[in-house]
Asks: 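My questions will all concern the structure given below.
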Amino acid sequence: MHSAVAAPVQPVSRPRPATADFTLARSRRLAVGLIGPGRVGGTLLDQLRAAQPRLARHLGLLLELRGVAASRRMWLDCDDPELNGRHGGAQIWRPTDLDAFLAHLRGTEGGPVMLIDCSASEAVAARYADWLAKGVHVVTPNKLAASGPLERWRAIARASAQGGGRLRYEATVCAGLPVVQTLRDLIDTGDELYTVEGMCSGTLAWLFNHFDGTRPFSSLLREAHALGYTEPDPRADLSGLDVARKLVILAREAGWPLSLEDVQVESLVPEALAALAPEAFMQQLEALDAPMAARLAQARAAGGVLRHVAHLDREGRASVKLAVLPASHTFAHARGTDNVVQFTTRRYCDNPLTVQGPGAGPEVTAAGVFADLLRIAEALEPRP
């Protein structure tokens, strides 16, 4: 008897520049400033710092972190030369002034500049058009610009086209999953979008993946809150507004002029709890149990499952609601905090194109922002 042992598969490496000297001779420099060093922003800073040597060595990309701005204070590298290693522990800071922040990033050499907005600030989102018109690139997971007033969004698009600054916002929808990029590729290659259907909240996905009647809904919500899956005030998730913003972003990416007020949104927050202070709301979560148990019983009577679903079609009908789906539906088999988005198009009409994976968490969200940074950096002209 003879036995055969397969040879081990050797990893395939991507081509690398022949020498470091060659790489640095054709390097691309990008001055970066980050606004909002919270959970996502702080994680992104860690990812950027860890990747800086590798990107310089293999891609000739020199990322220069020149400043970090929080809501009340900012740290600039001219003040603290160790900013790249410890922005939070830096001893020298100034009151936040975004005009001065940008002026510092731009410096005197006139190279490309990128602002990364990891805040959830309306005031910051309102400045995108001005920054893009000045040729400053903007990358963000902040949904407020892309889902905000339609006229402002059009002004942002015009500013980008005229000023040369590029805007990317992949992480506004489903964290690090390539949902926006997939839709952009479909449209840019001549496909036609018919419908979008998705489970676009990692929080709500986790809740309804686990809500099987063995535990009260309030108990699951408290666990999700303790695990950090929800916003500090879980009503931000339960209201459905965050998912509605994601639907608006996808619609606009497809060229459909959808606004937030066009989306029919079902809130899962009882009216009696809507106006409470966050602490009082958390103390009264049991008020959710009876209505949710009734919804679960209805779903089971119909032979289906409960899932939180966003839906959009080319007629402009858009909704975000808790729906009963057949047990055979793709969404019925998602796991954990998985987001699932299905695109039905002219090409993918019989079997929708599906993007699925973890849709929550600072690591994957920061990675989505980082990937957008790299896509913009790839288009920068090398400098001797």
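Keep in mind that what you see is a predicted model, and the values were worked out from it rather than measured. Excluded from the calculations below are hydrogen atoms, water molecules and symmetry mates; all remaining heavy atoms, backbone and side chain alike, are included.
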Asks: Taking NZ, NE, NH1 and NH2 as the nitrogens, is one of them in E192 or R314 under 4.0 Å from a carboxylate oxygen of the other?
Replies: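 Yes, this pair counts.
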
Asks: For D117 and Y128, test the side chains for any donor-to-acceptor distance below 3.5 angstrom and give the result as yes or no.
Replies: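 Indeed, the side chains of D117 and Y128 share at least one donor-acceptor pair under 3.5 Å.
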
Asks: Residues sharing V40's hydrophobic cluster, by side-chain heavy-atom contacts under 4.5 Å among ILVMFWY, directly or via others?
Replies: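 V40 clusters with nothing; isolated.
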
Asks: Are the charged groups of R215 and E223 less than 4.0 angstrom apart, N to O?
Replies: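 Looking at R215 and E223, the cut-off is met.
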
Asks: Go through the side-chain N and O atoms of S218 and D289 and say whether any donor and acceptor fall under 3.5 Å apart.
Replies: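 Side-chain D/A pair, S218 to D289: present.
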
Asks: Is E151 paired with R154 through a side-chain N to carboxylate O contact shorter than 4.0 Å?
Replies: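 Judged by the 4.0 Å cut-off on N to carboxylate O distance, R154 and E151 do form a salt bridge.
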
Asks: With a cut-off of 6.0 Å (strictly less than), are more than 12 heavy atoms of other residues, nucleotides or ligands near CD of Q264?
Replies: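 No, because the 6.0 Å sphere around CD of Q264 holds 12 heavy atoms or fewer from other groups.
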
Asks: Whether R127 and D130 form a salt bridge (side-chain N of Lys/Arg under 4.0 Å from carboxylate O of Asp/Glu) is what I want to check.
Replies: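 The answer is no: the pair does not qualify as a salt bridge.
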
Asks: Under 4.0 Å between a Lys/Arg side-chain N and an Asp/Glu carboxylate O for E64 and R66?
Replies: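 Yes.
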
Asks: Are R184 and Y169 in a cation-pi setup, meaning NZ or CZ lies under 6.0 angstrom from the ring centre and within 45 degrees of the ring axis?
Replies: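 Judged by the rule, R184 and Y169 form a cation-pi pair.
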
Asks: Can R39 and T365 be counted as having a side-chain donor-acceptor contact under 3.5 angstrom?
Replies: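 No donor-acceptor contact under 3.5 Å links the two side chains.
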
Asks: May I ask you to decide if G336's main-chain N or O and N209's side chain share a donor-acceptor pair within less than 3.5 Å?
Replies: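 Yes, N209 side chain to G336 backbone: donor-acceptor pair under 3.5 Å.
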
Asks: With the threshold set at 4.0 Å, does a side-chain nitrogen-carboxylate oxygen contact exist between R49 and D46?
Replies: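 D46 and R49: salt-bridged.
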
Asks: Other members of the hydrophobic cluster containing M282, with the 4.5 Å side-chain heavy-atom rule, please.
Replies: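 Grouped by the 4.5 Å side-chain rule, L204, W206, L207, F208, F211, F217, L220, L221, L227, Y229, L238, L268, V269, L273, L276, F281, L285, L288, M292, L296, L306, L322, V324 form the rest of the cluster around M282.
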
Asks: Once you round to the nearest 0.5 Å, how far does CD1 of I116 lie from CZ of R168?
Replies: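 The distance works out to 13.5 Å.
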
